[in-house]
Visitor: 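For reference, the structure I am asking about is given below.
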Amino acid sequence: MTVRVRYAPSPTGEPHVGNIRTALFNWLFARREGGRFIVRIEDTDQTRLVEGSVEKILDGLRWLGLDWDEGPEAGGEYGPYFQSERLPYYHQAVEDLLRSDDAYLCFCSPERLEQVRAEQAARKEPPRYDRHCRDLTDDERREREAQSLIPVVRFKTPLSGQTRFNDLIRGEIVFENAVLDDFVILKSDGFPVYHLASVVDDHVMEITHVMRADEWLPSTPRHVLLYAALDIEPPVFAHMPMIVGPDRAKLSKRHGAVSIGEYSRQGFLQEAMFNFLGLLGWSLDDHTEIISKQQFVENFSLERIGVTAAIFDMEKLTWMNGVYIRQLSAEDLTDRMLPFLDRDLPPSIDRPLDISYVMQITPLIQERLKRLDEAAELTDFFFAGDELPYDLSLLLGKRFAENSAGALAALHAAYVILAEASIWKSETLESFLRPLADKLELKTGDFFGLLRVAVTGRTAAPPLFQTMAALGRDRTLARLDIAAQRLDDSVAAPR
RNA sequence: GGCGCAUUCGUCUAGCGGCCCAGGACACCGCCCUCUCAAGGCGGAGAUCGCGGGUUCGAAUCCCGCAUGCGCUACCA
C-alpha cells in the first residue's frame with residue numbers, strides 16, 4: 001500500500017509557521033516513503049473564509065519547495081480538493097449515520113445551548129451538550145419540523161465504554177466515552193463540521209497516515225468513533241508537537257512574525273527556513289544542524305519526531321540563515337538580494353539598479369549579511385551621493401579628536417597617492433596605503449579607520465580596499481576630498 | 001472544572017538501563033586572527049535530567065504519585 005498523506009489547511013489567513021511545519025513533515029514523510037502528498041482545503045466554515053488565503057497557503061508551500069501531487073492546481077483522481085465542493089459525500093455519510101441510528105437531528109437553538117452551558121458553568125460542571133434532542137420521539141421531531149426549525153445533526157456518542165487508538169508518536173491513548181459529548185457533524189447551513197468532513201475525506205481519498213498537530217489529539221476519539229460508525233478502517237494517527245511562542249502559549253500574532261510570508265519578506269532564505277523548521281521537533285542525530293533537503297528526505301522518520309512543544313527561536317533561525325547566505329554563489333546572492341535592495345534603498349537612488357555594480361558589492365557583504373532585508377542598510381553608501389552625512393567627530397574618532405590637522409594631512413596624503421595609482425584594484429590600493437601609514441607614523445587601524453569614515457561614512461563597513469575598489473577611483477577620491485574640505489572648513493571656522 | 005499530552009543547559013535538541021558526575025547547536029563570555037564590522041579558530045560558563053517514591057547490582061532512561069505547563073472542552077479548524 002502506498003503512503004498517502006495530506007496537508008489540510010483552512011483558508012482563514014496566511015499560514016503560520018507551525019502549520020507549515022506540519023506540511024513539511026507530511027511532505028518529508030511522503031517523499032521518504034515514495035508516497036503521495038496531497039493538499040486539501042478545508043473550507044467548511046463559510047464565516048471564517050478569508051479572501052486570497054488559498055493562494056497564500058500555496059505560495060508558502062511553493063516557496064519552501066513542498067510540491068504536492070494532488071490538490072488545488074495539481075488536480076488528481078480523488079478530487080475535488082476543496083471541501084466546499086464535496087458536500088454530497090458528507091450528506092451521504094450523514095444519511096448513513098442517521099439511518100444506522102448513530103446520529104440524530106438536534107433542534108436546540110444557539111440561545112438554548114448558550115444557556116445550558118452557562119448553567120453548567122455555574123454548577124461547575126463540564127460544559128457539554130445535554131443531549132436534549134437525543135431521544136426525541138417521532139411526534140416531537142415532526143412538531144419541531146412543522147415550526148420550520150432548522151436542525152443540526154449530532155453524533156450519537158456511546159454513553160459508556162472506552163475509545164482507544166494508537167498514536168505513532170505517543171503510543172496508546174485511551175478516552176472514556178462518557179466524557180465525550182454529542183458533537184455536531186452537520187451544521188444548519190448544510191456544511192459539515194471538521195470532524196465529519198476530515199473523516200469522510202481521509203477515507204475517500206485513501207489517506208494512510210493522518211499527521212497533524214497535537215491540538216487535535218483530544219478530538220481524535222471522535223474521529224475513531226465516526227470511523228467505527230461508518231464501518232470504515234481508520235488511518236494511522238501521528239500527532240506532532242506544536243510550535244509555541246516564547247511564553248510557551250500557542251503561537252499567535254502577538255508573538256510577532258508568525259506567517260510564513262513574513263519570513264520571506266524579512267529576507268530569510270527558503271533553504272534556511274526549511275532546515276530550521278525541519279529541526280523543530282525532529283533531529284537527524286546528536287550533532288548535525290545544517291541539513292540539505294535531500295538529506296532530510298533520505299533520513300526522515302516518524303520515530304525521530306519529538307514529543308514536546310518547541311519554542312520558535314528567531315536567533316537560531318537568523319544564525320542559520322547567515323550560514324545559508326554564506327554558502328550562496330555571488331551570482332545567486334545578487335539575484336536574491338536585488339529585490340530587497342530595490343525595495344529598501346532610499347527612493348532618491350536611481351532605479352533600476354546596476355546589476356553588475358551590485359555584483360561587485362555582493363561579496364563584500366556576504367559574510368556580514370544575516371537576512372536579505374539588511375542588504376540595503378549595509379550597502380547604502382555604495383549607492384549614495386558622495387556627500388555622506390557623517391558627523392566630523394565620527395571622522396576624527398578618538399585618535400584624531402585633538403588633532404584634526406593630522407587627520408587633514410593624512411587625508412591629503414592618501415588622496416595624492418591614490419590619485420597617482422594607475423591600477424584601481426584592491427591589492428594595489430593596499431600596496432599604496434599600507435606603506436603610507438608607516439610614513440605618516442600612524443597605526444594602520446587609525447589611518448584606515450579615518451579613510452573608512454571618509455569613504456563610507458561609518459566606522460563599521462566592509463574591508464576598506466575592496467570597498468574603494470568597488471566604489472571606483474572617481475568616487476573614492478571625491479569622498480576623500482570632501483572629507484578633507486569639511487575638516488578644513490571646521491578648522492578655519494571660528495569656534 | 002473535566003479530559004488529554006508533556007516535563008534534559010535561557011532556547012532547539014542527543015539520550016531509548018551501565019559508554020552520561022549528560023553530548024551537539026544558537027545565544028552569552030574570553031582569547032586568537034585582523035584596517036573596522038563580520039566570518040572563522042580555540043576555550044569557558046551554563047542542566048541537582050520538574051519533585052517524591054519505587055523496581056534494579058545499576059535509572060535521565062522502567063513503574064506509581066504529585067506539581068507545573070500547554071492543548072482541547074463551539075452549528076472554528
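The sequence lines fix the lettering, A, B, ..., with proteins before strands; numbering per chain opens at 1.
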Visitor: Of A:Lys156, A:Arg128, A:Arg134, which is the lone residue that meets side-chain hydrogen bond (donor to acceptor under 3.5 Å, both in side chains) with A:Asp182?
Guide: A:Arg134
Visitor: Sort out the partner of B:C5 for me: Watson-Crick or G-U wobble, both distances under 3.5 Å, none otherwise.
Guide: B:G69
Visitor: Can you name the closest pair of heavy atoms from A:Asp214 and A:His239 and give their distance?
Guide: OD1-CB, 3.9 Å
Visitor: If B:A60 has a Watson-Crick or G-U wobble mate with both distances under 3.5 Å, name it; if not, just say none.
Guide: none
Visitor: Which atoms form the tightest heavy-atom contact between A:Arg170 and A:Pro241, and what is the distance?
Guide: NH2-N, 3.7 Å
Visitor: Could you tell me whether A:Thr44 contacts a base, only the sugar-phosphate backbone, or nothing, with contacts defined as non-hydrogen atoms closer than 4.0 Å?
Guide: sugar-phosphate
Visitor: If pairing requires Watson-Crick or G-U wobble contacts with both distances under 3.5 Å, which nucleotide is the partner of B:U55?
Guide: none
Visitor: Does any nucleotide pair with B:C19 by Watson-Crick or G-U wobble geometry, both distances under 3.5 Å, and what is it?
Guide: none
Visitor: Determine the contact category for A:Met320: base if any of its heavy atoms lies under 4.0 Å from a base atom, sugar-phosphate if only primed atoms, P, OP1 or OP2 are that close, otherwise nothing.
Guide: nothing
Visitor: On the side chain of A:Glu125, is there an atom forming a donor-acceptor pair with the base of B:G2 - under 3.5 Å, no angle test?
Guide: no
Visitor: Going by purine N1 to pyrimidine N3 plus the second Watson-Crick contact, or the G-U wobble pair, all under 3.5 Å, which nucleotide sits opposite B:C26?
Guide: B:G10
Visitor: Name the nucleic acid region contacted by A:Gly306, choosing base, sugar-phosphate or nothing; use a 4.0 angstrom heavy-atom cut-off, strictly under.
Guide: nothing
Visitor: Indicate, with a heavy-atom threshold strictly under 4.0 Å, whether A:Arg48 touches base, sugar-phosphate, or nothing.
Guide: base
Visitor: Applying a 4.0 Å non-hydrogen cut-off, can you work out what A:Lys250 is touching in the nucleic acid: base, sugar-phosphate, or nothing?
Guide: sugar-phosphate
Visitor: Can you name the one residue among A:Leu436, A:Thr428, A:Leu480, A:Leu451 that meets side chain to side chain contact (heavy atoms under 4.5 Å, CB included) with A:Leu418?
Guide: A:Leu480
Visitor: In Watson-Crick or G-U wobble terms, both distances under 3.5 Å, what is the partner of B:C31?
Guide: B:G41
Visitor: Quick one: label A:Thr444 by what it contacts on the DNA or RNA (base, sugar-phosphate, nothing), any heavy atom closer than 4.0 Å.
Guide: sugar-phosphate
Visitor: Please classify the nucleic acid contact of A:Pro241 as base, sugar-phosphate, or nothing, using heavy-atom distances under 4.0 Å.
Guide: nothing
Visitor: Base, sugar-phosphate alone, or nothing: which one does A:Arg326 contact when heavy atoms must sit under 4.0 Å apart?
Guide: sugar-phosphate
